[in-house]
Amino acid sequence: MPAFTTLRIDKDAAEPRIARLLLNRPERLNAINDQTPREIRAAVEWANDDNEVHVIVIEGAGKGFCGGYDLSQFGEGELDHPCQQERFPWDPMDDYAYMKRNTEDFMTLWKSPKPTIAKVHGYAAAGGSDIALCCDLLVMAEDARIGYMPTRVWGCPTTAMWTYRLGPTRAKQLMFTGDTIDGRKAAEWGLANEVVPADQLEDATMKLAKRIAGVPRSHLAMHKMVVNQVMLTMGLEQSQQMATVFDGITRHNPEGMWFRRHAQAEGFKSAVQWRDSGRPIPEGDEARALIRDYDAKRKAV
């Protein structure tokens with residue numbers, strides 16, 4: 001089987017028609033690092049190359065599905081990374097190329113000829129929700145939560161899946177607030193296919209996967225292509241292009257740079273608490289003034 005640093009994939013011991021892809025950085029809540037998107041792509045390609053496999057289940061080790069991008073790396077750290085540049089002027093095309101590649105890697109779950117099922121417990125947050133929503137189906141624990149909190153500041157979901165999965169009205173509510181919803185609400189809104197108590201999540205996911213696994217691979221691929229084509233015709237690829245550009249802007253405009261400076265000075269936990277508390281987020285000239293203060297204090301140290 002392939003050897004990876006951020007995940008594992010293997011065929012289910014009892015049902016080899018089902019591949020199990022495990023996001024496997026539990027010490028970091030399975031947070032996304034530079035290797036994660038590439039390894040997701042490679043794992044999905046491995047499963048598609050195995051003719052015995054009919055369906056792929058994606059799940060997370062430890063306390064949750066995926067907590068988003070690893071902010072100990074991208075948030076607090078001192079770095080000049082394509083998606084968080086410290087040089088000036090910011091190069092938006094470096095940012096776009098990096099994030100678009102990540103989006104395309106996550107989208108291998110959506111493009112895979114073999115159906116993909118996200119088995120969600122704990123949090124599927126921020127970039128973790130991108131991974132979950134690129135899967136064809138979601139089975140969630142009742143107390144699991146999914147959402148994209150960085151829409152409040154410092155992020156735009158690059159896969160742009162929320163509108164296509166929820167419709168514009170509910171997608172706007174989540175994008176305008178940055179709120180998360182639990183499994184029960186996800187089922188009520190039609191985002192999750194099935195929602196069960198946490199202790200029944202494995203059985204419910206495998207029951208659905210086994211049902212799908214009995215269908216010929218060619219039929220599964222054709223039916224998936226038909227549904228995906230509807231989303232493509234609606235403009236999914238164009239939406240993703242815009243969202244990926246906007247994601248970079250949110251991290252480099254005054255509000256995004258304030259958020260990063262606050263995380264560097266006070267720790268990311270403090271920045272996230274401010275973001276999610278509902279307190280007004282500094283913007284425009286106020287944000288620029290705070291950035292100058294943070295930078296002056298850093299230089300004085």
Side-chain angles (χ1 to χ4, degrees), residues 9 17-19 21 37-38 40-59 65-66 96-97 99-120 124 127-140 146 148 156-175 186-194 205 208-247:
I9 190 166
R17 289 186 173 210
I18 301 171
L21 192 165
R38 315 294 170 257
I40 288 175
R41 176 188 286 271
V44 172
E45 289 174 346
W46 172 84
N48 276 291
D49 286 342
D50 190 316
N51 287 336
E52 190 174 27
V53 172
H54 284 220
V55 59
I56 308 167
V57 172
I58 298 87
E59 56 199 312
F65 181 81
C66 177
Y96 176 81
M99 293 306 297
K100 190 64 167 70
R101 183 180 179 188
N102 286 2
T103 301
E104 289 299 319
D105 288 343
F106 297 152
M107 284 292 286
T108 57
L109 294 160
W110 188 80
K111 295 175 180 178
S112 163
K114 299 177 181 181
T116 54
I117 303 173
K119 173 190 169 188
V120 179
S129 69
D130 278 325
I131 295 172
L133 295 185
C134 283
C135 295
D136 300 309
L137 308 176
L138 271 73
V139 182
M140 293 182 65
I146 188 168
Y148 205 99
C156 179
T158 62
T159 63
M161 280 290 186
W162 290 99
T163 303
Y164 296 91
R165 302 297 292 263
L166 283 176
T169 302
R170 284 171 171 157
K172 284 179 179 179
Q173 179 177 335
L174 293 184
M175 296 302 96
E188 178 187 332
W189 283 9
L191 181 65
N193 297 83
E194 294 189 38
T205 303
L208 177 60
K210 288 175 183 176
R211 180 70 172 169
I212 293 170
V215 178
R217 287 181 291 108
S218 62
H219 287 56
L220 293 171
M222 287 186 285
H223 298 319
K224 180 167 177 173
M225 287 175 67
V226 169
V227 178
N228 281 7
Q229 185 57 49
V230 174
M231 296 171 70
L232 289 169
T233 302
M234 292 169 67
L236 174 60
E237 290 179 333
Q238 290 78 10
S239 299
Q240 289 181 341
Q241 184 177 44
M242 179 183 292
T244 305
V245 170
F246 285 174
D247 184 57

Rounded to the nearest 0.5 Å, how far does [atom2] of [Y] lie from [atom1] of [X]?
{"X": "Leu133", "Y": "Met107", "atom1": "CG", "atom2": "CE", "value": "11.0 Å"}
{"X": "Met161", "Y": "Asp130", "atom1": "CE", "atom2": "CG", "value": "9.0 Å"}
{"X": "Ile117", "Y": "Leu208", "atom1": "CD1", "atom2": "CG", "value": "4.0 Å"}
{"X": "Gln173", "Y": "Leu166", "atom1": "CD", "atom2": "CG", "value": "9.5 Å"}
{"X": "Gln241", "Y": "Thr103", "atom1": "CD", "atom2": "OG1", "value": "11.5 Å"}
{"X": "Ile58", "Y": "Ser112", "atom1": "CD1", "atom2": "OG", "value": "8.0 Å"}

Do the side chains of [Y] and [X] get nearer than 4.5 Å, heavy atoms only?
{"X": "Met234", "Y": "Val230", "value": "yes"}
{"X": "Glu45", "Y": "Asn48", "value": "no"}
{"X": "Trp110", "Y": "Thr159", "value": "no"}
{"X": "Leu191", "Y": "Trp162", "value": "yes"}
{"X": "Ile40", "Y": "Phe106", "value": "yes"}
{"X": "Asn102", "Y": "Arg38", "value": "yes"}
{"X": "Ile146", "Y": "Val120", "value": "no"}

Set of salt bridge (Lys or Arg N to Asp or Glu O under 4.0 Å) partners for Glu59, sequence neighbours left out: Arg20, Lys119
Counterpart residues, salt bridge (Lys or Arg N to Asp or Glu O under 4.0 Å), relative to Asp247 (two or more places apart): Arg251
From CA spacing to verdict: side-chain contact (heavy atoms from CB on, under 4.5 Å), Ile212, Leu137: CA-CA 11 Å; Ile212 293 170; Leu137 308 176; 3.7 Å; yes
Matching residue for Thr116 among Leu21, Ile56, Ile131 - test: side-chain contact (heavy atoms from CB on, under 4.5 Å): Ile56
Any pair counted as salt bridge (Lys or Arg N to Asp or Glu O under 4.0 Å), so long as it reaches residues 221-236, sequence neighbours left out: Asp136-Lys224
Pairs touching residues 108-118 that satisfy salt bridge (Lys or Arg N to Asp or Glu O under 4.0 Å), sequence neighbours left out: Glu104-Lys111
side-chain hydrogen bond (donor to acceptor under 3.5 Å, both in side chains) involving Arg41 - partner list, sequence neighbours excluded: Asp105
Test side-chain hydrogen bond (donor to acceptor under 3.5 Å, both in side chains) applied to Ser239 - qualifying residues, sequence neighbours left out: Tyr164
Working for side-chain contact (heavy atoms from CB on, under 4.5 Å), residues Gln229 and Leu232: CA-CA 5 Å; Gln229 185 57 49; Leu232 289 169; 4.0 Å; yes
Val215 backbone acceptor or donor facing His54 side chain under 3.5 Å: yes
Short side-chain to backbone donor-acceptor contact, Thr108 and Val44, under 3.5 Å: no
Atom of Ala243, atom of Pro157 and distance for their closest heavy-atom approach: CB-O, 3.5 Å
